Amino acid sequence: PITAEGDYPQKKFYRSRAHCNPLSHNDTFDYPLAPSDIDWTESNYPDLAKGTVPDVLDIGCGFGGLTLALATLLPDNIILGMEIRAKVNEYVRLRVVASRKEHPGSYQNASVLRTNSMKYLPNYFSKQSTKKLFFCFPDPHFKRKNHGRRIISDRLLTEYAYILKPGGHLYCITDVKELHEWHLQKCDAHPMFRKLSDEEMSNDPCVAAMKSETEEGKKVERAGTAKYYAVYERMSEPPKVTAENFFIA
Amino acid sequence: GLNDCAFVVRDAAVCELLAPPQSDQSPSNGASMAKLPNDNNDKATKQKHETNIPNPNQIQAVAIASFSDNNQVWCAVSRYNKTLSIYRIATSETLSASISPMTVHKTVKRVLCLAFASVPSENSSSPPLHVVISGDLIGDATAHSLSDASRSRVLLGHTASMLTGLNVANHHLLTCDRDEKIRVSSFPQTFVIEGYLLGHEAFITSMDVARHFCVCVSCSGDATVRLWNYKDYQELGRFHTTRGLATRVAISPSGHHVVVLYDQSRTVDVLTTNGGTCLELLTSFECKSQPLSVKFVSDECMLVLKGEAEYMVEVKLDKKSTLFNDSRTVLAIRQVACSRNIVMPTSILETDERTGQLKLEKEAESRGAKADVLPWMKSDRIQTAKEASKRRDKRRRKNDDF
């Protein structure tokens with residue numbers, strides 16, 4: 001293999017095309033039948049106690065910058081990065097192994113999984129089992145016919161509300177203004193999410209991590225363009241739907 | 001629905017539900033007399049056409065309901081040309097020979113399953129809102145207004161999948177897809193997912209609900225029929241099928257009996273749930289032509305929709321045996337269908353013409369390099385990278401020296 005286990009991987013051997021179609025049926029994934037079938041400590045978190053379940057998800061983690069930063073920022077949570085591209089996923093896996101070797105005792109709570117999170121989230125996570133979801137610099141899918149492939153959509157927000165605990169947070173950041181407006185529009189329209197105010201956002205250290213720790217974020221920093229972000233809270237009580245507001249809701 | 005004609009039957013009276021007007025549609029006429037209501041005659045049948053161009057009026061799904069707050073019977077029919085027609089029949093009047101749709105919705109994608117539902121109002125004195133919910137080819141469940149053709153709202157979606165079954169029961173909306181999942185959402189708060197019934201290993205072909213007992217049954221391409229409790233999300237029983245791919249299941253209102261239909265097999269299995277604890281074979285019966293769909297009318301009586309000559313039969317369950325019973329309803333339908341010479345499909349499942357694979361199965365195609373040679377296992381890449389950087393350094397030194 002190009003990189004031995006325990007060595008830090010070099011990005012140039014793991015470069016992959018940025019865009020992919022998450023809705024296609026061409027890529028076959030192995031996925032469990034139900035969340036209770038998975039033993040996360042088998043390959044993802046070998047040093048942790050049995051029954052450990054991830055509660056912070058970095059969906060579309062890319063080269064793993066945020067996943068590893070969150071591991072030290074939130075030492076009491078279990079972080080899982082999810083990536084659909086095989087090469088990039090392998091890069092992050094090697095990076096986690098190398099970091100664990102270099103800093104013994106740290107990074108035991110970080111790992112990565114190769115999966116299509118648009119299709120298989122309910123297979124991996126049970127009801128209200130996660131506390132935070134991160135969507136950093138997702139693929140904008142500019143063409144109108146590809147808007148259905150965007151990771152934040154009203155159908156998928158229902159699934160995210162299912163796996164998030166009440167009071168859990170959903171973070172999204174992008175450098176494309178149009179995509180940010182789309183995120184705001186979709187999340188505001190979904191009855192289970194409430195937008196956090198600027199003051200509430202500034203109190204959260206994860207927001208700062210999201211802005212500066214991802215590879216994409218650093219690229220945007222070098223280019224000097226703006227970053228747009230928002231944080232939403234998953235509400236505990238769903239609003240009532242009646243005959244009067246059924247078609248307007 | 002029989003091929004491209006839909007009928008509603010009351011006792012011995014048959015009324016044709018006409019297709020919405022179109023430029024290339026030939027005029028059709030209905031049949032028969034009129035009498036008293038009989039609500040439980042809804043069937044669905046899909047056609048797999050031998051030629052390449054399916055009939056645009058071919059029926060995809062039907063549904064029927066009557067609501068306690070008004071004296072009307074509502075029918076919904078969805079066709080291949082992406083129209084969803086809604087018909088209203090007053091229970092007090094006599095049945096006319098044929099009726100036109102009251103509302104016609106144009107759907108975004110072809111609708112595969114239908115169900116009626118009611119949304120309660122703010123205050124108990126106002127009437128509830130009645131809607132029809134459709135499940136389509138792209139995995140979306142949409143609610144349509146019964147009176148307004150422009151009012152529809154997408155309630156939920158199974159991403160990149162197809163909805164093969166849809167049921168509404170005690171404030172829950174159950175949807176099942178070809179990704180082996182049965183989703184239990186709240187109704188009418190469809191943006192809240194209550195849970196999933198997970199366990200099937202292949203696409204789910206059909207699902208039915210015994211609403212008074214929070215129990216549902218599903219059959220799938222993994223050769224099992226499973227019984228679930230959708231309040232606790234537990235699997236109650238499993239039955240392994242041996243007659244091929246199960247295409248339809250139905251459960252009796254009391255939850256005691258389950259009927260299973262198979263593709264390309266004229267034998268129908270009747271299972272018992274032993275009070276909701278397991279699924280075991282009770283008895284089977286043979287049909288003279290391919291059975292296509294089944295529905296329980298009462299605890300002991302079911303209607304089976306099948307191929308030519310008989311079109312529909314009524315089967316009574318008596319302890320461990322079955323009896324065929326030709327009631328007036330069955331005879332009326334048979335007479336109309338025979339007089340119109342309706343050709344019934346041989347199978348309810350759709351196949352891709354090019355590959356011959358079932359449309360419900362997911363294509364698995366590996367792209368590019370073979371999977372056994374993973375890109376990061378090819379160590380010769382390190383060598384090529386070393387040589388490339390050597391060449392680059394040499395070029396840089398040459399440019400610096402000039």
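The shown structure was predicted, so the numbers you read here are calculated from the model rather than taken from an experiment. Chain naming here is simple, since letters A, B, ... match the order of the sequence lines and numbering starts at 1 in each.
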Ranked by heavy-atom pairs below 4.5 Å to chain B, first place among Ala161(A), Pro122(A), Pro35(A), Ser36(A) goes to Pro122(A)
Sort Ser186(B) into side chain, backbone, both or neither according to what part of it lies under 4.5 angstrom from a heavy atom of chain A. neither
Tightest non-hydrogen contact, residues Val119(B) and Val241(A), listed as CG1-O, 4.3 Å
Check whether Arg153(B) reaches the backbone of Phe246(A) with its side chain - one donor and one acceptor, N or O, closer than 3.5 Å. yes
Top contributor to chain B contacts, counting heavy-atom pairs under 4.5 Å, from Pro191(A), Pro239(A), Ala34(A): Pro191(A)
Side chain / backbone / both / neither for Asp140(B) at chain A, heavy atoms under 4.5 Å: side chain
Let me know if Ser152(B) has heavy atoms under 4.5 Å from chain A in its side chain, its backbone, both or neither. backbone
Those residues that, when tested against Ala223(B), pass side-chain contact (heavy atoms from CB on, under 4.5 Å) (two or more places apart): Thr241(B)
Do you know which of Lys12(A), Lys240(A), His190(A), Glu159(A) has the most heavy-atom pairs under 4.5 Å to chain B? Glu159(A)
Over 12 non-hydrogen atoms of neighbours within 6.0 angstrom of NE2 in His171(B): no
For Ile193(B) against Tyr162(A), the heavy-atom pair lying closest together: O-CD1, 3.4 Å
Look only at the side chain of Lys127(A) and the backbone of Glu194(B), and say whether a donor-acceptor pair between them is shorter than 3.5 Å. yes
Identify, with sequence neighbours excluded, every residue that meets side-chain contact (heavy atoms from CB on, under 4.5 Å) alongside Pro127(B). Asp69(B)
Indicate yes or no: at least one non-hydrogen side-chain atom of Arg155(A) is less than 4.5 angstrom from one of Leu156(B). no
Check whether Pro188(B) gets within reach of chain A through its side chain, its backbone, both or neither, counting any heavy atom under 4.5 Å. both
Part of His200(B) within contact of chain A (heavy atom distance under 4.5 Å): backbone
